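So the structure is just underneath, and the comments pick up after that.
Convention: sequence-line order gives letters A, B, ...; per-chain numbering from 1. Quick caveat, the model's predicted, so the values are computed rather than measured. Hydrogens, waters and symmetry mates play no part in the numbers below; they use all other heavy atoms, side chains included.
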Number of protein chains: 2
Amino acid sequence: MTTLEQSLRIGDVARLAGTTPRTIRYYEELGLLPQAPGRPSGGHRLYTQAEVDRLREVMRLKELLGVSLQELKELLAAEEARAAVRAELRRDDVEPERRRELLNQALGHLDRQVELVERRARDLAKLHEELSATRRRVRRKLGALDAHTRGARS
Amino acid sequence: MTTLEQSLRIGDVARLAGTTPRTIRYYEELGLLPQAPGRPSGGHRLYTQAEVDRLREVMRLKELLGVSLQELKELLAAEEARAAVRAELRRDDVEPERRRELLNQALGHLDRQVELVERRARDLAKLHEELSATRRRVRRKLGALDAHTRGARS
DNA sequence: CAACAAATTTACGTGAACGTAAAGATCATA
DNA sequence: TATGATCTTTACGTTCACGTAAATTTGTTG
């Protein structure tokens, strides 16, 4: 379980996620990524696999949802909330009151994301259907053309 | 049938499509929209409903596919091909040879579009599933929390 | 410890997709 | 025909999402 994961530097993270150090610093600056967890004596940023995953997720959402980094940051409040939940849940003495609050917050954020995704999926499905219909029509015309040409035994 | 549609000016088109004149001119400059069909003596651009539709389609594809305007232009070669087909098909004397060629071109472009849409749809579906799973877990935790609280008759 | 790769901050540069301003031309209406 | 709204081109400005360069510092390795 103790994967001994540690000490990825910004260049490693960038390579692993398929981007550049500049982008990572930029995202950190925007608050899209949390401050690098390790930073021994103000030196280089140190990351773990968790940060790589987070980064990939950010990139994926950006690509799939087509939102600005600012909107994405707001959307990602969900992740932060869930992180907070996980952190608090590790301790056993959280009051159920508080626990429920955190969970409900996370649920709200998740609902926003799900709704966004569903809207886009619906739109895409509609577009797909239209394209397919057009494609079928074109193929039918091609078929008719073939048949006619052969029928005329040119 | 003769809808007598005509004489929309650039501002009208912009309002109807939910954008601005600047954007329309920009798209025309990029070749995303054809030259305005009417331009009496070098004066104002004149459009018909067809141009409004085309514009909306461009905006929709841009939004849904998340591609650059340049990529979009290349993708939209399909529409141009289909327009050419429609134009030529109106005449009855097109050689079947040529006809088949045009139709096959259109089919190719359509296939590219369909594939792109399908890829995105698959990615979105995967994301949706993951979000839903997470959501279910959160709800389960909330449920357990409720049950426990009531069980403890606090 | 020398030396070289990789990281740091600071700051200016860039391409895409438009916005906006200016100066003038054109169109609809009173 | 006057006049105000809308359009024209030209051109510079702006925001976003980074790229790139410079000067310096930090880690790593022989």
Side-chain angles (χ1 to χ4, degrees), chain A residues 4-48 51-52 54-76, chain B residues 4-48 51-52 54-76:
Chain A
L4 186 48
E5 60 181 354
Q6 204 74 4
S7 63
L8 293 172
R9 303 198 306 185
I10 198 170
D12 306 326
V13 175
R15 260 184 302 279
L16 289 173
T19 180
T20 74
R22 173 62 169 125
T23 296
I24 297 179
R25 295 198 195 96
Y26 183 51
Y27 285 10
E28 180 182 321
E29 181 187 335
L30 290 188
L32 259 172
L33 300 178
Q35 297 291 101
R39 191 83 105 105
S41 71
H44 297 180
R45 292 169 178 82
L46 287 187
Y47 300 91
T48 76
E51 277 72 48
V52 178
R54 162 85 177 195
L55 176 53
R56 299 196 84 120
E57 189 60 17
V58 167
M59 293 170 66
R60 182 188 184 199
L61 288 177
K62 186 201 166 197
E63 162 82 4
L64 279 181
L65 300 185
V67 298
S68 77
L69 294 181
Q70 280 306 322
E71 295 171 291
L72 193 51
K73 181 188 170 183
E74 291 158 27
L75 266 182
L76 257 48
Chain B
L4 186 47
E5 60 182 353
Q6 204 75 2
S7 64
L8 293 171
R9 304 197 307 185
I10 198 170
D12 305 326
V13 174
R15 259 184 302 280
L16 288 173
T19 181
T20 72
R22 172 61 168 126
T23 296
I24 297 180
R25 295 197 195 97
Y26 183 51
Y27 284 10
E28 179 182 322
E29 182 186 335
L30 290 188
L32 258 172
L33 299 177
Q35 297 290 101
R39 192 84 104 104
S41 71
H44 297 180
R45 291 169 178 82
L46 287 188
Y47 300 91
T48 76
E51 276 71 48
V52 178
R54 163 85 176 196
L55 176 54
R56 299 197 84 120
E57 190 60 16
V58 166
M59 293 169 66
R60 184 190 183 198
L61 289 177
K62 185 202 166 193
E63 162 83 5
L64 280 181
L65 301 186
V67 297
S68 78
L69 294 181
Q70 279 306 323
E71 295 171 292
L72 193 50
K73 182 189 169 184
E74 290 159 26
L75 266 183
L76 257 48

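A sub-4.0 Å separation between OP1 or OP2 of C/dC18 and a side-chain N or O of B/Lys62 is present.
Summarising the geometry, the separation between CZ on B/Arg9 and P on C/dT26 is reported as 13 Å, rounded to the nearest angstrom. Atom CG in B/Leu30 sits roughly 12 Å away from atom C1' in C/dG15 (whole-Å rounding). Atom-to-atom, CG of A/Asp12 to P of C/dA7 comes out at 7 Å; the value is rounded to the nearest Å. In this structure, CD of B/Glu63 is placed 17 Å from C1' of C/dA16, rounded to the nearest angstrom. For the pair A/Ile10 CD1 and C/dA7 C1', the computed distance is 8 Å after rounding to whole Å.
Under the 4.0 Å criterion applied to side-chain N and carboxylate O atoms, B/Glu57 and B/Arg60 are assigned as salt-bridge partners.
Here the rule is side chain to side chain contact (heavy atoms under 4.5 Å, CB included) with B/Leu55, and of B/Ile24, B/Thr23, B/Leu16, B/Leu32 only B/Ile24 fits it.
Nearest approach of A/Pro21 to A/Gly11, heavy atoms of both residues: CG-CA, 4.4 Å. Closest non-hydrogen pair, A/Arg9 versus A/Leu46, comes out as CG-CD2, 3.9 Å. Nearest approach of B/Met59 to B/Ala17, heavy atoms of both residues: CE-O, 3.4 Å.
Comparing A/Arg45 and B/Val67, the nucleotide of DNA chain C nearest to each residue sits closer to the 5' end for A/Arg45. Along DNA chain D, the nucleotide nearest B/Arg39 and the nucleotide nearest A/Gln70 are compared for position; the residue whose nucleotide lies closer to the 5' end is B/Arg39.
Checking side-chain atoms of B/Glu51 against main-chain N and O of B/Thr48 turns up a donor-acceptor pair under 3.5 Å. Formation of a donor-acceptor pair under 3.5 Å by the B/Arg56 side chain with backbone atoms of B/Gly18 is not found in this model.
Reading DNA chain D from its 5' end, the first and the last nucleotide to sit under 4.0 Å from a heavy atom of chain A are D/dA17 to D/dG27.
A distance of 11.5 Å separates CG in B/Leu69 from CD in B/Glu29, rounded to the nearest 0.5 Å.
Counting non-hydrogen atoms under 4.0 angstrom, B/Leu69 reaches the backbone sugars and phosphates but no base.
Taking 4.5 Å as the limit, every side-chain heavy atom of A/Leu72 sits out of range of all side-chain heavy atoms of A/Leu30.
Listed by residue number, the members of residues 15-27 of chain A with any heavy atom below 4.0 angstrom from DNA chain D are A/Thr20, A/Arg22, A/Thr23, A/Tyr26, A/Tyr27.
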